[in-house]
Amino acid sequence: MLDIKRIRDATDEVRERLAAKGAESLLDPLLELDRERRRLLTEVEQLKNQRNVVSKEIGARKKAGEDIASVSAEMRQLGDRIAEADQTVRGLEERFNDHLLRMPNLPHASTPIGVDATGNRVVRTHGEPRAFSFTPKPHWEVGQRLGLFDFERGAKIAGAGFPLFTGAGARLERALIQFMLDLHTTRHGYREVSPPVLVNAASMTGTGQLPKMKDDMYYIGADELYLAPTAEVPVTNIYRDEIMPSPLPVYLTAYTPCFRREAGAAGRETRGLIRVHQFDKVELVKFVEPATSYDELESLVQNAEAVLQALDLPYRVLQLCSGDLSFAAAKCYDIELWAPGHDGWLEVSSCSNFEDFQARRANIRYRDAQGKTHFVHTLNGSGVALARLVVAILENFQQEDGSVVMPPALVSYMGGLDRLTSA
RNA sequence: GGAGAGAUGGCAGAGUGGUCGAAUGCGAGUGAUUGCUAAUCACUUGUACUUGGGUUAACCAGGUACCGAGGGUUCGAAUCCCUCUCUCUCCGCCA
């Protein structure tokens, strides 16, 4: 959430940067609500002040044995007026907060202006797409032939988009999770956590999924819980409503399954593992001091890239343009893997600096050297997302005979298996 | 699921229906002293919102709210009543 004071004081700048995200129409209604809310608030506070002063007098006069009946009656009326005005203020405040919670973060100054993904800028590429002596097959053909997954039975159990991994496919899933967690905890300084994957509404609001993205989440009505779409939600909310223990930064990593309804995406990429309702992901989350957050973003991206480098997969890093930036992000890099069977790039990581946008919503603060509290900056990135990573491995390392060679870094995690065959 | 206990500032922990925004201790900050990897003393130290002054700030003065959340009683509630949530203990069930 944005700082209302900043919106009031630097309205023109805020308007311009909201415009880059196509959200400037939200601004004027919010400011109007803010003015009205403050006007009424001042009125009620004056009434309350009067009540407090007189009540104190009554206490003294009663002690002195004076009759207070007439004043009491007057005060009762004042109390009724206050209750009424309070009601109005509460209504205004509710609407004001709702508007504020629906306002996206402002893009960082380095963000290219654009309306959609076509405006994204390629920052760097790593590795060369492999030259094939045969036509590379899509991952579902490679995997199904090797018995790595069973989409039909997954659909029977839960529905389309809920993959069932089998045999070496299930092992590959587990191996990748283990490999990535090991890398981040031993080489990059992250502390591993294993959080709840069902979260409450306060947590979803804290990271910015609610109220705007309600329809994209699985919701369990009986218990008022949401299935986390990413570990970002439970992990960032670890410190909700807290003053963080010093020193910062704090780096956390977590493996969790992720659940997405993908509402509105019906019919797109329905085949295979590219767009599914449940997938596994290793997530990286950072809590840092504001002055360092953009440096921290760069190292966060590098931590995610290290996974792909270790697996010898060709990838590119994009900086998202203003129009493609997610709701809560100020700056975001996407990492995309080349998938020869799919003949396209696949997003496997999204690394964002949210500045204090999430910290304000979730009320996550730290104490500076002078003991003053400030909002932290939060960052997170996939390190990286499974399913699509599996797609890229199967498609990049497939052989003409239908087998798939394992990247050397993964062999020990696969129990020594260096090649998946249809044995 | 049943029974009981509890929820107060960064932490621990008092609390009388009306100078309680809240004792005390710890922690933290500032200053001083002695000196040596620290100690002692003094003072200070919650947050949010809001009005005015100052102002790309720091800050100053006033007001309101906040003692788990929401409601109620009252001229006045941390303190009394109700509902809810969470935590702990015991019992039951269970991977």
Side-chain angles (χ1 to χ4, degrees), chain A residues 1-14 16-17 30-31 33-101 106 109 194 196-203 205-206 222-225 234 237-248 250 287 290-291 356 359-376:
Chain A
M1 144 173 100
L2 299 178
D3 183 359
I4 184 60
K5 281 183 201 143
R6 183 174 168 204
I7 297 176
R8 285 201 292 255
D9 295 345
T11 308
D12 292 343
E13 189 209 333
V14 170
E16 192 180 318
R17 291 169 69 183
L30 179 79
L31 284 170
L33 271 170
D34 181 48
R35 271 191 292 271
E36 183 63 7
R37 159 189 154 263
R38 279 190 295 156
R39 192 178 64 74
L40 250 102
L41 195 60
T42 310
E43 270 182 41
V44 186
E45 288 186 354
Q46 278 165 2
L47 293 180
K48 285 183 178 172
N49 177 237
Q50 194 185 337
R51 177 173 69 184
N52 288 347
V53 169
V54 176
S55 288
K56 206 165 267 186
E57 274 172 27
I58 289 177
R61 288 167 63 176
K62 212 173 173 184
K63 209 173 263 178
E66 291 180 37
D67 177 48
I68 52 148
S70 66
V71 194
S72 281
E74 233 170 84
M75 282 297 100
R76 202 168 305 140
Q77 279 189 351
L78 180 63
D80 291 343
R81 277 177 66 197
I82 289 174
E84 207 174 299
D86 254 345
Q87 195 78 24
T88 315
V89 169
R90 209 171 310 147
L92 273 169
E93 221 132 59
E94 224 165 88
R95 284 172 57 203
F96 168 77
N97 281 330
D98 188 63
H99 277 249
L100 197 55
L101 285 174
L106 304 177
S194 179
V197 296
L198 271 68
V199 300
N200 56 30
S203 293
T205 306
D223 296 292
E224 298 184 58
L225 291 170
N237 277 283
I238 287 174
Y239 293 109
R240 172 156 51 83
D241 291 321
E242 287 191 35
I243 293 175
M244 293 206 50
S246 53
L248 294 180
V250 169
F287 303 84
D356 64 5
R360 244 171 229 291
R361 292 175 159 247
N363 190 28
I364 305 172
R365 294 172 297 166
Y366 73 102
R367 243 176 241 289
D368 66 20
Q370 281 70 48
K372 289 214 161 214
T373 56
H374 308 275
F375 290 114
V376 301

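Residue numbers start from 1 in every chain, and the chains themselves are labelled A, B, ... in the order their sequence lines are given, proteins ahead of strands.
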| From CA spacing to verdict: side-chain contact (heavy atoms from CB on, under 4.5 Å), A:L248, A:V250 | CA-CA 5 Å; A:L248 294 180; A:V250 169; 4.1 Å; yes
| said: For a salt bridge (charged side-chain N to carboxylate O under 4.0 Å, His left out) check, start with the C-alpha distance between A:E13 and A:R17, then their side-chain angles and the critical distance, and finish with the verdict. | reply: CA-CA 6 Å; A:E13 189 209 333; A:R17 291 169 69 183; 2.8 Å; yes
| A:R38 and A:D34: side-chain contact (heavy atoms from CB on, under 4.5 Å), yes or no, with the steps? | CA-CA 6 Å; A:R38 279 190 295 156; A:D34 181 48; 3.5 Å; yes
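Nucleotides B:A23 and B:A78, compared at atom C1', are 14 Å apart to the nearest Å. Remark: the separation of the P atoms in B:G63 and B:G6 is 37 Å, to the nearest Å. Between the C1' atoms of B:U85 and B:A69, the separation comes to 7 Å (whole Å). Using P as the reference atom, B:A77 and B:C59 are 32 Å apart when rounded to the nearest Å. Spacing of C1' atoms, B:G9 relative to B:A28, comes out at 13 Å, to the nearest Å. A distance of about 42 Å separates the P atoms of B:A95 and B:C81, rounded to the whole Å. The same atom, P, is picked in B:U79 and in B:C66; the two are 10 Å apart, to the nearest Å. Distance check on atom C1': B:C26 versus B:C84 gives 34 Å, rounded to whole Å.
Remark: A:T88 OG1 to A:E43 CD distance equals 9.5 Å, nearest 0.5 Å.
Of the two residues near RNA chain B, A:I243 and A:V71, the one whose nearest nucleotide lies more 5' is A:I243. Of the two residues near RNA chain B, A:Q50 and A:R360, the one whose nearest nucleotide lies more 5' is A:R360.
When RNA chain B is scanned 5' to 3' for any atom under 4.0 Å from a heavy atom of chain A, the first and last hits are B:G10 to B:G76.
Under the 3.5 Å distance criterion, with hydrogens and angles disregarded, no donor-acceptor pair is assigned to the side chains of A:S55 and A:N52.
A:N52 comes within 4.0 angstrom of the backbone, heavy atoms only, and of no base. Within the 4.0 angstrom heavy-atom criterion, only backbone atoms of the sugar-phosphate kind lie near A:R8; the bases stay farther away. As judged by a 4.0 angstrom heavy-atom cut-off over every strand, A:R6 is placed among residues making no nucleic acid contact. When heavy atoms are screened at a 4.0 angstrom cut-off, A:R61 is found touching no nucleic acid atom at all. Using a 4.0 Å heavy-atom cutoff across all strands shown, A:R37 reaches sugar-phosphate atoms only and no base atom. Residue A:K56 is out of contact with every strand shown, counting any heavy-atom pair closer than 4.0 Å.
Side-chain contact check for A:L78 versus A:V54: every heavy-atom pair is 4.5 Å or farther apart.
For the pair A:R39 and A:E36, the salt-bridge criterion is met [side-chain N within less than 4.0 Å of a carboxylate O]. Taking the charged nitrogens against the carboxylate oxygens, A:D368 and A:K372 have no contact shorter than 4.0 Å, which rules out a salt bridge.
No donor-acceptor pair closer than 3.5 Å links the side chain of A:D356 to the backbone N or O of A:F375. Between the side chain of A:R361 and the backbone N or O of A:L101, at least one donor-acceptor pair lies under 3.5 Å.
Stem list for RNA chain B (at least 3 consecutive Watson-Crick or G-U pairs, distances under 3.5 Å): B:1-7 with B:85-91, B:10-12 with B:24-26, B:27-34 with B:38-45, B:46-53 with B:59-66, B:68-72 with B:80-84.
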